[in-house]
*Asks:* 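Right, I'll just put the structure down here and ask away after.
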Amino acid sequence: MLKLLSSSSSCLQARVLIPGHRLTYIIRLCSSISISESPSPQSINVPFISDLIAKQHWSELKTHLKDSTFITVLPQLIDSGADPELILRYFNWSQKGLNVPHNIEITCRLLLSLANTKKYPKMRSLLDEFVRRNEKHSISSIFHMLSLWSNQFCANSIIVDMLVVAYVKNSKTNLGFEAFQRAGDYGFRLSVLSCNALLSALVKEKEIGYVEFVYKEMFRRRIKGDLYTFNIVINGLCKVGKLNKAKDVIDDMKAWGISPNVVTYNTIIGGHCKLGGLGKMHKADAILKEMVANNICPSEMTFNVLIDGFCKDENVAAAFKVFEEMRRQGLKPGVVTYNSLINGLCCHGKLDEACGLQDEMLGLGLKPNIATYNVLINGFCKKKMLKEARELFDDIGDRGLVPNVITYNILIDAYCKNEMKEEAYAFHSMMIERGVFPNTSTFNCLIAGSFKQGNMETARKFLHQMEVKGLKADCITYNILIDALCKDGEPRKAERLLNEMFTKGLNPSHLTYNTLMDSYCREGNLNAALNLRARMEKEGKRANIVTYNVLIKGYCVREKLVAANELLNEMLEKGLIPNRTTYEIVKVEMMDKGFVPDIDGHLHNISSS
DNA sequence: ATAGGGTTAG
């Protein structure tokens, strides 16, 4: 409990009553650069000074005020009830001229007087400047000052609301989140506007845990979300594959009387297409039907998302069916539509058809963009038609387009994979010369290429170069390094890299674990492989087909056929469909050694029964 | 004054 006793221009006395104690403390709160030593600061002639500020007679003002009193003028101006805009003008001038750090107390008082006169744009720019200055003011000190100087919840809330937006706008999302959280402790009410801005920034930074926190907290604080709020949260959840939770949010919004719109549906359909797992396109199709049943008309974007999904699901035929349906509904396919289809055809090696489609889009007056070229170049590269890829690359400039980092990465990767490192390095230099900066992916291609050629030294050189350039190793970099060590028969060293990934906040993928398990299995260390499986599942990653293939093979080569068979059964029970590799392992390692399959595909050991 | 789509690297 705190009771205000008195306040001077720069100091504030308050009595602190600590519950359960009989003692009363008198504290003096002084701002950092206030001249608290002088008991009564020289008072100023407010009307006179105000007039000078209004006329912007700064040099005259400077001669009237001694240097040391600049900061004492502000509280007096505020106390006098002068026009807040006038005070702000003086504040900005003294700030610029003297470059003194922001004084929290003064800033908060100024914000409060601006809030009371509804000078919202001025408050926004003041807060923007405050946040941009990067001074290390703690959020709690700001909130504390606001509570000390005002008991108007409304004014305080508006300031805090704008503060959150200012942090988010200036890419200080973590501070925006902290302000959001503390606002709850202080009981300040935030608007849906600032919450949406915060949520949107958190989604962009893939901080989904925080997104979920803010979303739940909004309910708890009775901040009513709008259509944007729900769409942002749904998008965040879809991006990390939490599709069931995304569906729950759709139920939430309906419960709040907000109907999902075309964006909502496109987002959730896209989520299924990208990370839906088994039978994902069927689910995506079902959502499309639900959307139509709810009288939401699919847009060009809806079809684009579906077409791309089918292409990635290696079902180009279905993609073309959607393409036809799209035109039947009178929607015009755009460049993105064609890019998805061209990419789908390229991935199937159907380059002639892909080029034909490009001609078709040209005929429709659609201009290919750099992504169109990237998918085509990639198609040629994957078919080892590097000459044709190079020719396409040379066409880019004639089309008035500029190759981007992806274009270069595709070609560098292709040259590395085809043991043409001179060409790869030439493209690496070319991109730098042309001002396209290599990114982590560029180095991943170069590092992987070096390993492939057995050139450990070069790989290390690129890894070093990458760090020097301030580029951080990502999951794929680690996978490349882990793979190289594993191929070298060094799974223990590779596992150390796995540990390092966690310390760097990187999320190992199935592939990471599977690579390591395979390497342990090859040297017959089944326990180490099983430990890794346990670790992987502890991290929320269920064994996939490759995991089972690796482990089954591991048991087989150690002649533990019964254990291998148990794993095979486990895999079938979990609904994982054995692939060609599984079949080969089973045939060579098991069926040829006395196991026979029954009608369900389960194997039985005839020598034991 | 905020929400949704296409291209690279394991």
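Reminder, nothing fancy here: chain letters follow the sequence lines and each chain counts from 1. Values reported hereafter were calculated over all heavy atoms of this structure, with side chains retained and with hydrogens, waters and symmetry mates removed.
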*Asks:* When you measure only distances, ignoring hydrogens and angles, does the side chain of A:Asn479 come within 3.5 Å of the base of B:dA9 through a donor and an acceptor?
*Replies:* no
*Asks:* From the set B:dA3, B:dA9, B:dG10, return the single nucleotide nearest to any side-chain atom of A:Asn231.
*Replies:* B:dA3
*Asks:* Can you tell me which nucleotide in B:dG6, B:dA3, B:dT7 comes closest to the side chain of A:Asn369?
*Replies:* B:dG6
*Asks:* A:Ile396 CD1 to B:dT7 C1': how many Å, rounded?
*Replies:* 11 Å
*Asks:* Base, sugar-phosphate alone, or nothing: which one does A:Asn261 contact when heavy atoms must sit under 4.0 Å apart?
*Replies:* base
*Asks:* Without placing hydrogens or testing angles, list every side-chain donor-acceptor pair under 3.5 Å for residues 232-241 of chain A, not counting sequence neighbours.
*Replies:*
none

*Asks:* When the distance from CZ of A:Phe230 to C1' of B:dT2 is rounded to whole Å, what number comes out?
*Replies:* 14 Å
*Asks:* Base, sugar-phosphate alone, or nothing: which one does A:Thr515 contact when heavy atoms must sit under 4.0 Å apart?
*Replies:* nothing
*Asks:* Using only heavy-atom distances, determine whether the side chains of A:Asn549 and A:Lys553 contain a donor-acceptor pair under 3.5 Å.
*Replies:* no
*Asks:* With respect to the phosphate group of B:dT7, does any side-chain polar atom (N or O) of A:Asn378 fall under 4.0 Å of OP1 or OP2?
*Replies:* no
*Asks:* Classify the nucleic acid contact of A:Lys452 as base, sugar-phosphate or nothing, counting any heavy atom under 4.0 Å across all strands shown.
*Replies:* nothing
*Asks:* May I ask you to say whether A:Glu217 pairs ionically with A:Arg221, meaning some side-chain N is under 4.0 Å from a carboxylate O?
*Replies:* yes
*Asks:* Using atom CE of A:Met253 as one end and atom C1' of B:dA3 as the other, report the distance to the nearest whole Å.
*Replies:* 10 Å
*Asks:* Could you please name the option among B:dT2, B:dG10, B:dT7 that lies closest to any side-chain atom of A:Ile232?
*Replies:* B:dT2
*Asks:* Could you tell me the separation between the CG atom of A:Leu401 and the P atom of B:dT7, rounded to a whole number of Å?
*Replies:* 17 Å
*Asks:* Of all the choices, B:dG6, B:dG10, B:dT7, which nucleotide is nearest to the side chain of A:Ser509 once you look at every atom?
*Replies:* B:dG10
*Asks:* Test for a donor-acceptor pair under 3.5 Å between the base of B:dG6 and the side chain of A:Asn374, counting only N and O atoms.
*Replies:* no
*Asks:* Regarding A:Asn343 and A:Asp308, is there a side-chain donor-to-acceptor distance under 3.5 Å anywhere?
*Replies:* no
*Asks:* Using 0.5 Å steps for rounding, measure from the CZ atom of A:Arg132 to the OG atom of A:Ser171.
*Replies:* 10.0 Å
*Asks:* With a non-hydrogen cut-off below 4.0 angstrom, is A:Ile480 in contact with a base, only sugar-phosphate, or nothing?
*Replies:* sugar-phosphate
*Asks:* Provide, to the nearest angstrom, the distance between the CG atom belonging to A:Asp474 and the C1' atom belonging to B:dG10.
*Replies:* 10 Å
*Asks:* Reckon A:Lys312 touches a base, only the sugar-phosphate, or nothing at all at heavy-atom distances under 4.0 Å?
*Replies:* sugar-phosphate
*Asks:* Check whether any side-chain N or O of A:Lys274 sits under 4.0 Å from OP1 or OP2 of B:dG6, and answer yes or no.
*Replies:* yes
*Asks:* Strictly below 4.0 Å: does A:Lys417 bring a side-chain N or O up to OP1 or OP2 of B:dA9?
*Replies:* no
*Asks:* With heavy atoms under 4.0 Å as the rule, sort A:Val203 into base, sugar-phosphate or nothing.
*Replies:* nothing
*Asks:* Base, sugar-phosphate or nothing for A:Ser299? Non-hydrogen atoms, less than 4.0 Å.
*Replies:* base
*Asks:* Specify the separation, in whole Å, of atom CG of A:Asp518 and atom P of B:dG10.
*Replies:* 17 Å
*Asks:* A:Ser441 has a side chain; which of B:dT2, B:dG6, B:dA9 sits nearest to it?
*Replies:* B:dA9
*Asks:* Nearest-Å distance, CD (A:Glu300) to P (B:dG6)?
*Replies:* 13 Å
*Asks:* Counting any heavy atom closer than 4.0 Å, what does A:Ile476 reach on the DNA or RNA strands: base, sugar-phosphate only, or nothing?
*Replies:* base
*Asks:* Could you tell me whether the phosphate oxygens of B:dA3, OP1 or OP2, come under 4.0 Å of any side-chain nitrogen or oxygen in A:Thr267?
*Replies:* no
*Asks:* Hey, can you tell me if A:Phe230 and A:Tyr215 have their rings parallel, tilted or perpendicular (30° and 60° cut-offs)?
*Replies:* perpendicular
*Asks:* What is the distance, to the nearest angstrom, from the CG atom on A:Asp226 to the P atom on B:dA1?
*Replies:* 13 Å
*Asks:* Step through the shown structure and confirm whether more than 12 heavy atoms of other residues, nucleotides or ligands are within 6.0 Å of NZ on A:Lys493.
*Replies:* no
